[in-house]
Every structure is written in structure tokens, then in C-alpha cells.
Amino acid sequence: MESRGMVRKRIIIEGIVQGVGFRPFVYRVAREQGLTGWVLNDSRGVLIEVEGEGTALNRFLDDLREKLPPLASISRLDIMDIPPVGENDFVIRASSGEASKTAQISPDTFVCADCLRELFDPQDRRYRYPFINCTNCGPRFTIVTDIPYDRPNTTMAGFPMCAPCREEYDDPGNRRFHAQPNACPACGPRMTLLDADGREVAATDPVAEGIRLLRAGRIVAVKGLGGFHLAVDAANESAVADLRRRKERDEKPFAIMAADTAKAAALAAIGPAERQLLEGVERPIVLLRQKKGHGLSPLVAPRNNFFGLMLPYTPLHHLLLEGNFEALVMTSANVSDEPIVYEDGEALSRLHGIADYYLTHNRRIHTRTDDSIVRVMADRPVVLRRSRGYVPRGVFLPSEQPSVLAVGAELKNAVCLTQGNRAYLSQHIGDLKNLEVLDSLARNVEYFSAILELKPQIVAHDLHPDYLSTRYAEDLPGGMERVSVQHHHAHLASCLAEHRTTGEVIGIIFDGIGYGADGHIWGGEFLVGGYADCRRAGHFMNTPMPGGDAATREPYRMALSYLHQAYGEDLPLLPVLGRIPAQDRKLLVQMIEKGINAPLASSCGRLFDAVASMAGIRDRVNYEGQAALELEQAIDREDGGCYPFFLITEGESLVFDHRPLVRAVAEAVQAGDPTGLISARFHNSLVEMIRQVCVNLRLETRLERVVLSGGVFQNRYLTERSVRVLEGEGFKVLTHSLVPPNDGGLALGQAVIAGHRVAMGMG
Ligand code: ZN
Ligand code: ZN
Ligand code: FE
């Protein structure tokens, strides 16, 4: 009966369904099935009423779920029967502005194949137009100023469309139907070239002139999607050297951009998973092993076997790479650790003395967003910096929870807001060491609260009383419930949440530094617990950090400290000790022995630093994690050997006593063992230690699942080998993929822990 009569359904859809060609898609499918009704964007997502014969309606519903446009994703689909009304047609209705603003905005998306074809078609009216875009591609998150996602609520508001653009925009059959950033050379934004002092350089084609300058070895600041890049020809040694000097960036690798996968493959080894990432919609920077004879300046990534490489993601990038470069350096435009520059005025002042020219344009960037960074481990992508292309896509939580704002930690700060069972992790904000970054944090909190229309009543922050993020949380207007969360517990919860799972797990949480519940520095932690609560089942033996923060920048201090712990007064004759002036050595030993400015730390990161320094890799670092990274890269994969260590029981706790390991490393250095061998055996020892800890804790707790989290697990060798060994023991191992294992993912863990605590009345 029903299949022959007319049926009408109301369909409510939430998810990433605005600005991604969803309504034209619905329109097309409805017409294909001969249905009538309408579709509109509202501020929750998309609302459809559709009417027709039962089987056609079912086919429509199947297509709706299965043939989504490439950028769309549905998080909620509600269908209800309503009385038929008998229209003649299916139409797209104007947006309605009421209700809550929970529609999800799409991330910025790389220029699609259709637009690229037009970009290089001399017959097309957008031939070589750097702002070409369509419903399936273009800027989104970075240009949205409010929702619903409509042109007046973007930085395209000031560019009224010309008649031909308007026609495309209004035509449901056109691939630019309701493409909010739609534009052409007649009506849209345009490029300009400025000199170092901000004066416009007369050029008929600013992009062609920019290419000429890059070829001549000049440093050009290029305005991108989420901020400026500093570009130079990566094969030009003196240009790269100039950039390094002017940017005061001694050794941190520069990201590079190659024209396409074929060009990239000449520079670095690209496996299938890496290729997929390079060419995927997010277009992140992918860490790839360099090929010998790559031809780029060694100053692109000094003392590093990897390139951070990305493919072009804006039409402008494609035009620039036409200049036939092996690759361009495309590094975030900033001075040392400040946030990326994204406004035109600030570019001219802050990049003064760095950039020779500015290739810029008049489409404003509303929200600053860096490039994302991804590394493949065990054939899975692991996001190390989650930013452009990923943000503001939500992370689904295992359950609904009260709305929480979590403000992250100090390094690699990102904030997180939750709503129902979704968490929105902000883009990478930066190291919260100055007010400029704190200001960026505050703006992001406001922006995310506005576009999600959220007023969380709960704020989660780190236990550390002095972090700027903690102060920020304390200074929020009264009435908010504050929940402080221990750093390593947050790492554990972040990984659990990413896996949408609940219950208790064993947490192997290794990083550099986090404030411990006992006031000491933690960073080599064996935890047992879940969201609401967790206990410290064990940890690395405490070791003094002579000079506090200075010991993080100068690994030789940690080498001395671990050696002193392992040997006492009679230190072995090691090259690292010879490199420390006798006077300094005496002072450092005094600090260690008397506990003056030598906080105790159970940090895994510091042990890496010490071993790197002992092995002669480096005594000082220029950026966080550098010594550990170089120690990993030195690994000789052929060796399966292992150094001794103790796992001792102290009261309720398992303690990793690394003194035998430190002595073994010292002896290996004295015996002249190659660095690659020492590094491999050191890593293998940690894996064996992790195995023993997990087996021990499983006996005690019967838990079978292990979480690996913390910045140390950016280490591919350690992660892959730990996973393999633990799986061999029958454990189920949870590692990060979409959310960074480092502190960039911490806010997610804080948010979920706070949500659970408050829900359970234990805030
Ligand atoms: Zn397109
Ligand atoms: Zn136009
Ligand atoms: Fe951490």
C-alpha cells in the first residue's frame, strides 16, 4: 500500500554539510528520483522535506548516505514522517538564520581537479586566477567570521559578485552553486607585489614577477590560506642561508613544497600511506626520509634525514611551482617561536628585515592557521601538528558530556571545546611562553565559542599553577567551574577519547616534562586508569635537572646528572664530561648533590637527551626534542641488542631504575661502539622495559589494553617496536592517529576528564 501512495519525510542532517556542495547534491538526487520538496541550510546543518513514492524515497535516502560529496560528512541524520503536501518541484530554499549555530564549518580544502583544469585553460575566464574555487574546494575555516556559512559571514563579504559569477552561484546545476568564496578576475580579490618597505611594485603579473624574484634567490613572503609563508628556492644555497640567518632559526627544519608527487619522489622516499597523505584533501606537511643526492640545500634540514614536504594546496601555489623549482622552502612566516603572521599590516612590520618582497592579496584571513604535520608510523598516519585541513572537524567522544573548555598545556598549545558527544580541538596555537601567544589563545577561545555558540560552564586546565593557560583559566569570569587535570592523565585520556572507548587501561606516557601530582616533574609514567580517575602505578627513577629549564636546552647537564646518579663521585672518563669546563662541572655536581635549582624529574625525554649527549650527538638543542629526534635518526636497524636495567618495586610503585642502562651506554661509548648501535640498543631497552611493565601491571590489574601517548611517541622506531612487542604479548595497543601524541593533543584529554568528573559530581 505504502509504496504506491505518496510519502513525505522531514530529514534533519548535522555534520559537515555546509559549504561542501551538499544542497546541490540533495537537489540532484531528489530530481533523479522524481521527488518534490525542498532543502535548506539552517544553523544546525541541513533541513530537507521530500515527498514522493515510497521506493523512490528509499533510493533517495540510500543515495543520501552513500553518495556524499567528497568534503561532506554526516554526524547525525534524523528522519520523520509528515503529511504530504503535494508540490510540483524540488527546490533549494534560502538559509534560515534561527536556532543554535551548531552547523559544522568545513576545513580549508586544496584546489580541486576541476578548478585546476580551468586554472590552466587559456580559454577559461579564470585562466591563471589565483582565487579560483568551487563548492568542493577553497578557503573555509580561515575566512569564516560567523555562521551560518554564507558569503556575508566570510571575508569575501566585501567582494560583490559580477553577473557571470552570480549566475553560477544561483544555479543549482552549476558546480559553483552557493560556493561562498566564488570570484573571478572581474569581481574578486587580486594579487599585489610589495617591496620590503611595503611599496607596491608595478607588475602586470605579480605572480610571474614573484617567480622571477624567487629564481633570483630572493626571500618572498607569500600570503596563503591561514597565514604567510616565507618562500625561497630550496635548491639555492645562499638564499636558504639568508633565510635561516634572518629568521634566527638555527637548525629547525624548513618545510618544503614540491610541484607534484613525481617531483617529491625525486627528493624523498614515499610509501603508499605517505603518498595518500600528500595527495589527500588535508594536504599536510608529511615527514619523509630524504633521498641521497636530492639536490636541495643541506641548510633546508640541517643534520636531519627527513624533509617536511607538502604539495601545493592553493591555486597560487600551483602557479608559483610552475616556476620549475625542485622545491620551494615554504616555512611559516614568524620570528623564532612567535605565532604565524597572518595580517597584512603585521606582516610588513614583523617580517621587516626578513622578507625582500611580499606576494600578497586583499582577501583577509580571519583565523590564523598553520600547516599541519603528519608522520606515518606502522602504516598509519600520526598527526603531529593538527591545524589547517583538519580544523575545525570534530572528534567524536564515546558519550555525551557537559560542555567544557579545555585550555591545554604550555608547549604546542591548542584548546578544546566540547558539545554533546563532540570535541573541537583548535588549530595549533603555539608555545605559551609570551603574551602574544596567550592573546592568540584567547581569540581562538572566543572564535570557537562563537561559531559553535557555546558558553561552557566548565574550564579544564593543567595542574601547573604558573602556566599562562592556567592563569587564563583562573581569570575567566566567575561562575565557571574549574577542574585541574594532571598532565599525563590528560595524555592518557586524549588517546582513549580518540579511540572513542571507555574503561580502564594501562597508560605508558612518555614525554619531556609535565607537572606531577606530587609537585615534581613527571615524564616517564606508568598509569592505570580511565577518564574520571587514574593512579600512578610506576615511573622512571627521579633524576635531578641541574639548572631546571636550562637542563632541557643543554642535554650535557642531563648526561652529567644521570652519570652522577649511576656512578656517584667516580665518574667514568667520557668525552661529554671532557667537553664541560671543569669549573662548570663542579658547580653542576654541587647543584645535583645539594638539590639547589635541580628539580627532580622522572622524565623520559631527559633520558633521551642524556644518552644523545653521551653518544656525542649533541650537547645543546635549538628546539624542543631535537636531541631525541637525532638519536632516533642515528639508529642502526640491524641490531636487536639491549642494555640492562632494573624494574624495582617501591611500596605500591614500579620504578624503572635506569642506572645499569646509563652505565652500559657509558661503557659502549668508551668501547667505541658506533652511535647507531648505541641508539638502537637504547631504544630496544626502553621497549623491553615497556613490555615488562605492561606484563607486570596486567598481572596486577587484569587490564589487556595499553595506551601509548606523550611526545616521546612521535618516535617512530620506539612506537612501532613497542606496538609489535606488546601485541606479541597479547595486548591491545592504542596509539594516536588523528590527535597528536604530544602536548598538541592534551586539551582533548583535559576536556574529557573534566566532563566525566563534573558529571560524576567529583569536579
Ligand atoms: Zn574546485
Ligand atoms: Zn566575478
Ligand atoms: Fe606532555
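Numbering of ligands and ligand atoms starts at 1, following listing order.
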- prompt: For the atom pair CG (Asn742) and CD1 (Ile373), what is the distance rounded to the nearest 0.5 Å?
  reply: 9.5 Å
statement: The reported gap from CD in Glu525 to OG in Ser603 (rounded to nearest 0.5 angstrom) is 9.0 Å
query: At their closest point, which heavy atom of Val707 faces which heavy atom of Ile509, and how far apart are they?
result: CG1-CD1, 4.2 Å
message: For Pro139 versus Pro181, what's the shortest heavy-atom pair and its separation?
response: O-CG, 3.7 Å
message: Within the supplied structure, the quantity of interest is the number of heavy atoms (other residues, nucleotides, ligands) at a distance under 6.0 Å from Glu167 CD; does it exceed 12?
response: no
query: For Arg190, does the CZ atom have more than 12 heavy-atom neighbours from other residues, nucleotides or ligands under 6.0 Å away?
result: no
- prompt: Around the Fe ion (ligand 3), how many protein N, O or S atoms are closer than 2.8 Å?
  reply: 4
- request: Decide yes or no for Phe713 and Phe510: does some side-chain heavy atom of the first lie under 4.5 Å from some side-chain heavy atom of the second?
  value: yes
query: Near the Zn ion (ligand 1), which protein N/O/S atoms fall under 2.8 Å?
result: Cys112 SG, Cys115 SG, Cys134 SG, Cys137 SG
Opening angle between SG in Cys184 and SG in Cys165, taken at the Zn ion (ligand 2), to 10 degrees: 100°
message: Within the 3.5 Å criterion, strictly below it, is a donor on His736 or Ser709 matched to an acceptor on the partner's side chain?
response: yes
field: Electrostatic pair Glu624-Lys252, nearest N-O below 4.0 angstrom
entry: no
message: Using a strict threshold of under 4.0 Å (side-chain N to carboxylate O), is an ion pair present between Glu410 and Lys433?
response: no
